[in-house]
Amino acid sequence: MASICWSYFVPVHASIEPLTWETDFFGLSSAVVRFRDDAPALTTTDFTPWQCVQAKIPAGRADWLDALQKLGFQLVEGEVDLTIAVTQHAPTEAEVATERDIPALRQMAALAFAQSRFRAPWYAPDASGRFYAQWIENAVKGTFDHECLIFRASSGEIEAFVSLRQLSEGEARIGLLAGRGMGDKLMQAALHWAAQRQVSTLRVATQLGNTAALKRYIASGGNIDATAYWLYR
């Protein structure tokens, strides 16, 4: 006897907000879904003005995942957000990056984050590298993340970096972190930076598939706080 599969449509109540910075940077008219119970139910015609519409949902919301896929969204990647309790950490040999370090940092970030959710077929092949190169430049200038810490080799070349942003009196977040074999040093530098500012919680996010980063953050005291999915249409 054939089994019966029941199919039903759960409406997604949300508004669509333009992403001005991303639209200008990527040259792609972009928007994001903002979920609100008091908003109208989304229909496919709501997406007509946009070339790319993003949605980020908690991984536990299978109903939203199914409904968005019925509206033409595709799963792009999973994300894990972790929290680390900040305790006193000894100073490290990390330096604060200056504007003269920006060219080297841009090149490093473009290579380290060449693959991300800003990838083909939704974005141009070089979009991810350009985005993260700009991110680290902004971090050095203090215009997004507040500071960028670097480690240098004996030759003077930068071999690793971590950017940081204070979110509130009690919380800070790691923005970008890169440097092969330097994960422990980078985390110690980040935790010392947070401790100096009397921050009690350090947050960090990574791709669900980046098991190396997940292991490093957990080894540094990280606890998984939330998981989410990114979808695009």
Side-chain angles (χ1 to χ4, degrees), residues 25 77 79-119 125-167 171-224:
F25 183 80
E77 72 176 27
E79 183 178 286
V80 182
D81 200 67
L82 301 97
T83 58
I84 305 170
V86 177
T87 57
Q88 290 299 318
H89 282 75
T92 68
E93 66 269 29
E95 304 173 23
V96 176
T98 66
E99 292 199 16
R100 69 175 178 272
D101 297 312
I102 286 175
L105 287 168
R106 283 184 61 93
Q107 185 176 24
M108 289 179 66
L111 292 173
F113 303 102
Q115 290 295 320
S116 73
R117 64 184 181 88
F118 299 110
R119 66 176 187 273
D126 67 338
S128 182
R130 288 196 305 112
F131 176 82
Y132 288 101
Q134 189 62 53
W135 183 332
I136 202 64
E137 177 174 339
N138 291 351
V140 175
K141 294 178 176 177
T143 57
F144 182 60
D145 288 343
H146 293 140
E147 210 157 52
C148 175
L149 304 179
I150 58 175
F151 286 91
R152 295 188 189 274
S154 57
S155 63
E157 293 183 358
I158 299 170
E159 55 183 356
F161 65 83
V162 57
S163 67
L164 295 134
R165 177 168 77 257
Q166 187 159 351
L167 304 173
E171 287 193 335
R173 177 175 286 281
I174 292 173
L176 302 181
L177 182 150
R180 188 177 297 276
M182 298 287 288
D184 184 58
K185 281 189 171 184
L186 289 166
M187 289 304 299
Q188 292 300 315
L191 287 163
H192 177 66
W193 183 92
Q196 283 184 305
R197 286 155 182 78
Q198 299 182 325
V199 167
S200 59
T201 302
L202 183 62
R203 291 186 169 274
V204 63
T206 190
Q207 295 165 314
L208 185 61
N210 192 344
T211 54
L214 276 173
K215 288 177 181 177
R216 166 47 52 202
Y217 298 144
I218 291 171
S220 299
N223 293 296
I224 294 175

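It should be emphasised that the depicted structure is a prediction, and the values quoted were computed from it without experimental measurement. Heavy atoms only: backbone and side chains are in, while hydrogens, waters and symmetry mates are out.
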Ion pair Arg197/Glu147, N-O distance below 4.0 Å: yes
Please check if atom CD in Gln196 has more than 12 non-hydrogen atoms from other residues, nucleotides or ligands closer than 6.0 Å. yes
Taking the side chain from His89 and the backbone from Gln188, do they hold a donor-acceptor pair closer than 3.5 Å? no
Only residue of Leu202, Thr83, Val199, Leu167 satisfying side chain to side chain contact (heavy atoms under 4.5 Å, CB included) with Arg173 is Leu167
Between atom CH2 of Trp193 and atom OG of Ser163, what is the distance when rounded to the nearest 0.5 Å? 9.5 Å
Using atom types as modelled and distance alone, determine if a side-chain donor or acceptor of Thr201 lies under 3.5 Å from a backbone N or O of Glu171. no
CD/Glu157 to CD1/Ile150 distance, rounded to the nearest 0.5 angstrom? 12.0 Å
What's the separation between atom CG in Leu105 and atom SG in Cys148, rounded to the nearest 0.5 Å? 5.0 Å
Within a strict 4.5 Å, meaning less than it, do heavy atoms of the Leu214 and Leu82 side chains meet? yes
With the side chain counted from C-beta on, respond yes when Thr92 and Lys185 share a heavy-atom pair under 4.5 Å apart, and no when they do not. no
Once you measure the plane-to-plane angle for Tyr132 and Trp135, does it fall in the parallel (<30°), tilted (30-60°) or perpendicular (>60°) bin? parallel
To the nearest 0.5 Å, what is the distance between CD (Gln207) and CD (Glu77)? 4.5 Å
Atom pair CG/CD of Leu191 and Gln88 - distance to nearest 0.5 Å: 11.0 Å
Quick one: does Phe161's side chain get under 4.5 Å of Val140's, heavy atoms only? no
Please report the closest heavy-atom contact between Ile84 and Tyr217, naming both atoms and the distance. CD1-O, 4.4 Å
Check for a donor-acceptor pair, side chain of Ser128 on one end and backbone N or O of Phe113 on the other, with a separation under 3.5 Å. yes
Taking every heavy atom of Ala178 against every heavy atom of Leu186, the minimum-distance pair comes out as O-CD1, 3.6 Å
Spacing of Arg106 atom CZ and Glu137 atom CD [to the nearest 0.5 Å]: 5.0 Å
Donor-acceptor contact present, side-chain Thr143 to main-chain Asn138, <3.5 Å: yes
Any side-chain heavy-atom pair of Arg203 and Asp81 under 4.5 Å: yes
Any non-hydrogen side-chain atom of Asp184 less than 4.5 Å from a side-chain atom of Arg216? yes
Are any non-hydrogen side-chain atoms of Phe118 and Arg130 less than 4.5 angstrom apart? no
Are the side chains of Glu95 and Asp101 in touch, meaning some heavy atoms are under 4.5 Å apart? no
Step by step, work out the side chain to side chain contact (heavy atoms under 4.5 Å, CB included) result for Ile136 and Met108. CA-CA 9 Å; Ile136 202 64; Met108 289 179 66; over 6 Å; no
Are Leu164 and Asp145 packed together at the side-chain level, in the sense that at least one heavy-atom pair is separated by less than 4.5 angstrom? no
